[in-house]
Amino acid sequence: MSVASATCECCISVYPPRIGKPTSVHAPRSHCRIRLMRRYDAWSTNTVHLSSLAQALFIMHVARAVTTAAATLSSGVLIPLYIYPSGGPDCANWAPLFESIAAHPALPFWVIINPNTGPGNNGGQAPIEFQQCIPLLRAPNVVVLGYVHTSEGSAKRQPGVTQDVNTYAGWNASYKPDGIFFDEVSGESKNLDTYEGFVSHARPLFNDGNAFITLNPGAAPSDTDYYGITDLLLSAEDIYADFSPSQLSLGSSTPPSKQAIVLTDGPSSPPTSLISQIVTQDGVKAFYITTDTQVNGGNPYDDLPTDLEAYIAAVEAAQE
């Protein structure tokens, strides 16, 4: 998506990796709403809530017990899990997601992990907490995606994109992602060849040579050929109150079966009519709403929704 005029700016607070003090960064208003995924990673949301060992073992048991069948429903949820899992065996900050995955084995989950605005530790293994906790996400209905930002396909960033993909690919099999989530995607024709190169490089490195690829331009790309090179495309990343289904482009060249929507600042209870329209009527592949907020410079990905299970149950119920 093209950058808005420099006269339309807002100030957002970002937390640099491993540093707790916020830094003010000015960005075009369009980026304040649709380019936030990169700014918030697990290092910047390192809040640890410890549970008892008994709870931890129960969570591990439940997560691993979902081994009977792969997801059977057409639509699911795309979750930016940019939350530090916490150390040790309990992975407490991810526990609500473990439980929802176990409770909805027919529902597809695409879960994006983002240790440090990418894999961090270039050429090395994942942080120890991710080594411990990613395996607990494993289930037949879950696809784990590694976050990689692409800076609109800029030439300066291209070697870093390749390096990040290669780092994820070098992780141990027990916590290696199933594919890649490419963020800050241009969506313009002039950069299509660059993204074709990124995708071609990543495809054979994950999931036994068939990596799951997601692109995030934050809005419908100006060049619909982007749909042809990806498995999933984030065609709307927005504030809940500002989103309307009418802004979606749905057609043969922009298939809803390849589209995902992520909304922040959502209501406290699931908007069932909107979920029904997006999932049932429009057939969009992945939908996620979080109550976490980006209004007034907030971090919309530093926590899971206050009632994650209700939101997920609503997406499943819309398909029954």
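Counting from 1, the numbers follow the sequence of the chain as shown. Just so it is clear, the model here is predicted, and its values are computed rather than measured.
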Partner residues of S246 under the side-chain hydrogen bond (donor to acceptor under 3.5 Å, both in side chains) criterion, sequence neighbours left out: S244
Any donor-acceptor pair under 3.5 Å from D265 side chain to Y240 backbone: no
Trace of the side-chain contact (heavy atoms from CB on, under 4.5 Å) decision for N122 with D164: CA-CA 7 Å; N122 281 326; D164 282 355; 3.2 Å; yes
Donor-acceptor contact below 3.5 Å, side chain Q125 vs main chain G170: yes
Kindly list each side-chain donor-acceptor pair under 3.5 angstrom involving residues 278-285, sequence neighbours excluded, with atom names and distances?
residue: T280; atom: OG1; partner: S276; partner atom: O; Å: 3.3
residue: T280; atom: OG1; partner: A318; partner atom: O; Å: 2.5
residue: K285; atom: NZ; partner: S74; partner atom: O; Å: 2.9

Considering all heavy atoms, the nearest L205-K176 contact: O-NZ, 2.9 Å
Side-chain (S222) to main-chain (G187) donor-acceptor, under 3.5 angstrom: yes
Donor-acceptor pair, side chain of T291 and main chain of G266, under 3.5 angstrom: no
Minimum heavy-atom distance between T167 and G124, given as atom pair plus value: CG2-O, 3.6 Å
Side chains of N207 and F212 in contact at under 4.5 Å (non-hydrogen atoms): no
Main-chain N/O of I239 paired with Q294 side-chain donor or acceptor, under 3.5 Å: no
Derivation and outcome, side-chain contact (heavy atoms from CB on, under 4.5 Å), residues L97 and I83: CA-CA 11 Å; L97 181 56; I83 305 165; over 6 Å; no
Candidate pair F198 and Y195, rule ring-ring contact (aromatic ring centres under 6.0 Å, His included), full reasoning: CA-CA 5 Å; F198 292 159; Y195 285 96; 5.4 Å; yes
By side chain to side chain contact (heavy atoms under 4.5 Å, CB included) - contacts of D178 (at least two apart): R138, V143, V144
Salt bridge (charged side-chain N to carboxylate O under 4.0 Å, His left out) pairs, two or more places apart, involving residues 109-118: none
Contact list for residues 194-216, test salt bridge (charged side-chain N to carboxylate O under 4.0 Å, His left out), sequence neighbours left out: R203-D231
Those residues that, when tested against E309, pass side-chain hydrogen bond (donor to acceptor under 3.5 Å, both in side chains) (two or more places apart): S100, H104
Side-chain heavy atoms of L233 within contact of V185, under 4.5 Å: no
With sequence neighbours excluded, residues passing side-chain hydrogen bond (donor to acceptor under 3.5 Å, both in side chains) with Y227: none
Validation row: I312, F109 side chains within 4.5 angstrom (heavy atoms): yes
Non-hydrogen atoms of A286 and V77 that approach each other most closely: CB-C, 4.3 Å
Y168: partners by ring pair (Phe, Tyr, Trp, His ring centres under 6.0 Å), with sequence neighbours left out: W171
Atom pair CZ/CD1 of F181 and I213 - distance to nearest 0.5 Å: 11.5 Å
Any donor-acceptor N/O pair, E316 side chain to A106 backbone, under 3.5 Å: no
Heavy-atom side-chain contact between K258 and L215 under 4.5 Å: no
Sidechain-backbone polar pair: S151 side chain, G153 backbone, donor-acceptor under 3.5 Å: no
For Y288 against P80, the heavy-atom pair lying closest together: CE2-CD, 3.5 Å
side-chain contact (heavy atoms from CB on, under 4.5 Å) evaluation trace for I134 with W94: CA-CA 10 Å; I134 290 175; W94 292 5; 4.2 Å; yes
Backbone N/O of P135 and side chain of S174: donor-acceptor pair under 3.5 Å: no
Residues which pass side chain to side chain contact (heavy atoms under 4.5 Å, CB included) with T162, listed by chain and number, not counting sequence neighbours: N166, H201
Pairing residues for D223 by the side chain to side chain contact (heavy atoms under 4.5 Å, CB included) criterion, not counting sequence neighbours: S189, L192, D225, Y226
Donor-acceptor contact below 3.5 Å, side chain Q247 vs main chain A219: no
Derivation and outcome, side-chain contact (heavy atoms from CB on, under 4.5 Å), residues I261 and F243: CA-CA 10 Å; I261 298 169; F243 172 77; 3.8 Å; yes
Min side-chain heavy-atom separation N141-I101 under 4.5 Å: yes
Contact check, side chains of D302 and D292, non-hydrogen atoms, under 4.5 Å: yes
Listed partners of K190 passing salt bridge (charged side-chain N to carboxylate O under 4.0 Å, His left out), at least two apart: E188
Approximate separation, where rounding is to 0.5 Å, of Q277 CD and L274 CG: 6.5 Å
L145 CG to I180 CD1 distance, which is reported to the nearest 0.5 Å: 7.5 Å
Side-chain heavy atoms of T264 within contact of Y301, under 4.5 Å: yes
Over all atoms of both residues, closest heavy-atom pair of Q259 and S249: NE2-O, 2.8 Å
Qualifying residue, where the test is side-chain hydrogen bond (donor to acceptor under 3.5 Å, both in side chains) with Y147 and the options are N116, D183, N114: D183
Non-hydrogen side-chain atoms of Y175 and L137 separated by less than 4.5 Å: no
Partner residues of A317 under the side chain to side chain contact (heavy atoms under 4.5 Å, CB included) criterion, sequence neighbours left out: E320
Under 3.5 Å donor-acceptor, N216 side chain and G218 backbone: yes
Nearest-0.5 Å distance, CD of residue E99 to CG of residue L308: 9.5 Å
Which atom of S75 lies closest to which atom of L107, heavy atoms considered: O-CD1, 3.3 Å
